Q: 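Pasting a structure below so you can have a look.
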Number of protein chains: 2
Amino acid sequence: MTTSQEFEDPGLFECMYNMRAMRRLKPDPVPEAMIEKILDAAVRAPSGQNTQRWAFLVVTADEGRKFFGERYRHWFRKLLGDRMPPDDDDSSPARQARAALHLADHMTEVPLLIMALGKRDWPFRVPPEERVGLAPPSYGSIFPAVQNLLLACRGLGLGASLTTVHQMFEGELREYFGIPDDYGIVATIPIGFPMGRFGPVRRDPVSSKTHRDRWGNQPPMTTVD
Amino acid sequence: MTTSQEFEDPGLFECMYNMRAMRRLKPDPVPEAMIEKILDAAVRAPSGQNTQRWAFLVVTADEGRKFFGERYRHWFRKLLGDRMPPDDDDSSPARQARAALHLADHMTEVPLLIMALGKRDWPFRVPPEERVGLAPPSYGSIFPAVQNLLLACRGLGLGASLTTVHQMFEGELREYFGIPDDYGIVATIPIGFPMGRFGPVRRDPVSSKTHRDRWGNQPPMTTVD
């Protein structure tokens with residue numbers, strides 16, 4: 001039996017169009033079969049020369065989630081400073097900020113954390129002895145896998161979001177989780193069943209982001225989303 | 001009418017599992033509705049603080065494709081050097097290398113090139129006057145969109161692959177296409193109808209890439225892909 005047989009296959013575009021960052025999550029544990037399924041989706045992504053230099057640290061143990069969540073909350077609030085929008089601000093960025101703060105304050109209760117890591121060996125053809133210091137991972141070979149993982153969460157009805165606040169305390173994370181120096185933490189994805197409902201993402205229209213044949217040329221587009 | 005109504009919605013996991021890099025492409029033009037659809041999928045991706053600092057340069061004009069393709073071929077062959085595997089090598093990397101060379105040699109015939117660009121304003125809160133030189137784009141806010149675009153191509157039956165060889169001649173591209181300094185080219189995606197058939201991607205199993213609660217701990221996985 002392979003994981004790909006255990007779940008219905010949802011619509012690709014349906015998932016993309018409704019993959020909001022879900023930051024209000026229930027503490028209920030995520031079934032192991034779902035954890036395997038979203039990781040199985042992640043590793044199908046492309047990577048430079050198909051080298052698959054990714055690794056995933058899956059954290060469900062109470063102590064690990066507490067260790068990560070407490071530091072995430074501390075650093076998120078420190079970065080936020082006094083920039084929290086007033087409660088009566090109903091703008092999209094304000095609602096987003098409140099949801100992000102909710103996630104930070106409840107991070108220790110999130111049942112599943114997945115850290116996406118990348119090996120620091122880019123460019124691949126530079127021999128280790130010729131490298132100066134630690135290179136960053138090849139982000140272009142990790143984020144496609146992260147996006148697959150996020151889409152798979154959406155497809156299974158799991159709430160998730162892409163976070164990078166771990167950068168503020170990566171050293172502590174490496175020591176606590178025993179992560180070797182030659183892997184960099186690229187993103188941390190908190191995952192759980194959502195409290196709210198999925199909904200369409202808000203984005204600027206394609207036409208406002210597209211240039212045709214030369215920068216500044218408007219595309220001949222007829223449709224607007 | 002929105003683009004999301006024009007096409008069938010294929011299976012999410014079906015697309016992920018069979019999204020091989022397709023490097024042998026027909027010269028037949030890609031319908032405008034498909035170009036819009038894949039860009040519409042790209043912009044649904046997440047980005048840091050939903051700032052959507054991406055831009056897409058769509059190239060279908062003969063001159064632009066010729067300009068890009070000739071330089072791509074030159075640099076690809078230069079980078080390849082004498083590392084081309086012998087014709088009787090049927091290993092997966094060897095076949096991949098031959099396909100990549102085929103793409104390079106026929107790049108001028110690829111009907112659609114999409115360059116994914118990112119604004120060089122990361123981290124967002126550093127005021128322009130305090131920036132030293134040009135920062136790279138926030139890759140983590142662009143590659144999820146690139147992956148959506150690649151998945152959308154697969155969903156529509158278009159062949160595509162993620163290339164970064166443009167880095168070798170980015171200066172020439174900027175001048176030719178009029179790209180401003182504050183945008184960096186993150187990836188170039190050559191797109192067309194595939195000569196061959198889509199098929200399952202070959203990847204190392206999830207279990208070989210996953211650590212549970214601490215680096216080195218084997219995950220309690222039961223399934224293998």
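So that the names make sense, note that chain A is the first sequence line, chain B the second, and so on, each numbered from 1. Small disclaimer: the values here were computed from a predicted structure and weren't measured.
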Q: Quick check on the interface: out of A:L162, A:T60, A:V59, who has the most heavy-atom pairs with chain B under 4.5 Å?
A: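 Of A:L162, A:T60, A:V59, A:T60 has the most heavy-atom pairs under 4.5 Å with chain B.
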Q: Between B:R203 and A:N50, is the side chain to side chain donor-acceptor pair (under 3.5 Å) condition met? List the steps.
A: CA-CA 8 Å; B:R203 300 289 187 264; A:N50 194 26; 3.1 Å; yes
Q: Please say which of B:V43, B:D40, B:L151, B:D9 ends up in a side chain to side chain contact (heavy atoms under 4.5 Å, CB included) with A:M16.
A: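 Answer after filtering B:V43, B:D40, B:L151, B:D9: B:L151.
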Q: Is chain A contacted by the side chain of B:E8, its backbone, both, or neither, given a heavy-atom distance below 4.5 Å?
A: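 For B:E8, the backbone is the part near chain A, not the side chain.
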Q: Counting only non-hydrogen atoms closer than 4.5 Å, does A:A21 touch chain B with its backbone (N, CA, C, O), its side chain (CB onward), both, or neither?
A: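 A:A21 has no heavy atom closer than 4.5 Å to chain B.
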Q: To the nearest 0.5 angstrom, please state how far the CZ atom of B:R53 sits from the NZ atom of A:K209.
A: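 B:R53 CZ to A:K209 NZ: 7.5 Å, rounded to 0.5 Å.
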Q: Quick one: what part of B:I114 sits under 4.5 Å from any heavy atom of chain A, side chain, backbone, both or neither?
A: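 For B:I114, neither part sits under 4.5 Å from chain A.
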Q: Please work out whether the ring planes of A:W215 and B:Y183 are parallel, tilted or perpendicular, with thresholds of 30° and 60°.
A: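 The rings of A:W215 and B:Y183 sit tilted, inter-plane angle from 30° to 60°.
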Q: At a heavy-atom distance under 4.5 Å, which candidate from A:S161, A:P144, A:S47 has the highest pair count against chain B?
A: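 With the most close heavy-atom pairs to chain B, the winner is A:P144.
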Q: Is B:Q96 in contact with chain A via its backbone, its side chain, both, or neither, using a 4.5 Å heavy-atom distance?
A: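 For B:Q96, the contact with chain A is made by the side chain alone.
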Q: Could you check which of A:A41, A:P200, A:G140 has the highest count of heavy-atom pairs closer than 4.5 Å to chain B?
A: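 Of A:A41, A:P200, A:G140, A:G140 has the most heavy-atom pairs under 4.5 Å with chain B.
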Q: About how many Å separate CG of A:L39 and OG1 of B:T210, when rounded to the nearest 0.5 Å?
A: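 One finds 4.5 Å between OG1 of B:T210 and CG of A:L39.
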Q: Is B:L156 in contact with chain A via its backbone, its side chain, both, or neither, using a 4.5 Å heavy-atom distance?
A: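 Just the side chain, heavy atoms under 4.5 Å.
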Q: Would you give the length of the straight line joining atom OG of B:S208 to atom CD of A:Q52, rounded to the nearest 0.5 angstrom?
A: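 Here the rounded value is 7.5 Å.
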Q: Determine the option with the most heavy-atom pairs under 4.5 angstrom with chain A, choosing from B:P93, B:G155, B:P180.
A: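 It is B:P180.
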Q: Do the non-hydrogen side-chain atoms of A:I179 and B:H211 ever get within less than 4.5 Å of each other?
A: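 No. Closest side-chain heavy atoms not under 4.5 Å.
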Q: Considering only heavy atoms, which portion of A:L150 lies under 4.5 Å from any heavy atom of chain B: side chain, backbone, both, or neither?
A: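 For A:L150, the side chain is the part near chain B, not the backbone.
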Q: Can you tell me which portion of B:A61 sits under 4.5 Å from chain A's heavy atoms? Options are side chain, backbone, both or neither.
A: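 Both the backbone and the side chain of B:A61 come within 4.5 Å of chain A.
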Q: Set out, in order, the CA-CA distance, both residues' side-chain angles and the distance that settles side-chain contact (heavy atoms from CB on, under 4.5 Å) for B:Q147 and A:N148, then state yes or no.
A: CA-CA 8 Å; B:Q147 178 65 2; A:N148 268 16; 2.7 Å; yes
Q: Starting at CG of B:L113, measure out to CG of A:D213 and round the result to the nearest 0.5 Å.
A: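 That separation rounds to 9.5 Å.
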Q: Please tell me if the side chains of B:R212 and A:I35 come closer than 4.5 Å, counting only heavy atoms from C-beta onward.
A: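 Result yes, sub-4.5 Å side-chain heavy-atom pair found.
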Q: Work out which heavy atom in B:C15 is nearest to a heavy atom in A:L12; give both atom names and the distance.
A: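 In terms of heavy atoms, the two residues are closest at SG-CD2, 3.9 Å.
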Q: Is it the case that A:R214 places NZ or CZ above or below the six-membered ring of B:F177, under 6.0 angstrom from the centre and within 45 degrees of the axis?
A: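 No - A:R214 does not lie over the ring of B:F177 by the 6.0 Å and 45° rule.
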Q: Between B:A45 and chain A, which part of the residue has a heavy atom less than 4.5 Å away: side chain, backbone, both or neither?
A: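 Both the backbone and the side chain of B:A45 come within 4.5 Å of chain A.
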Q: Who among A:F56, A:Y139, A:F143, A:F13 has the most heavy-atom pairs with chain B under 4.5 Å?
A: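 Answer, by heavy-atom pair count under 4.5 Å with chain B: A:F13.
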Q: Please look at A:A42 and chain B and tell me whether the side chain, the backbone, both or neither of the residue comes under 4.5 angstrom of a heavy atom of that chain.
A: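 Contact with chain B involves no heavy atom of A:A42 at all.
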Q: Please state whether the side chain, the backbone, both or neither of B:A97 comes within less than 4.5 Å of a heavy atom of chain A.
A: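 For B:A97, neither part sits under 4.5 Å from chain A.
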Q: In terms of heavy-atom pairs under 4.5 Å, which option from A:G64, A:A55, A:G216 contacts chain B the most?
A: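 The residue among A:G64, A:A55, A:G216 with the greatest pair count is A:A55.
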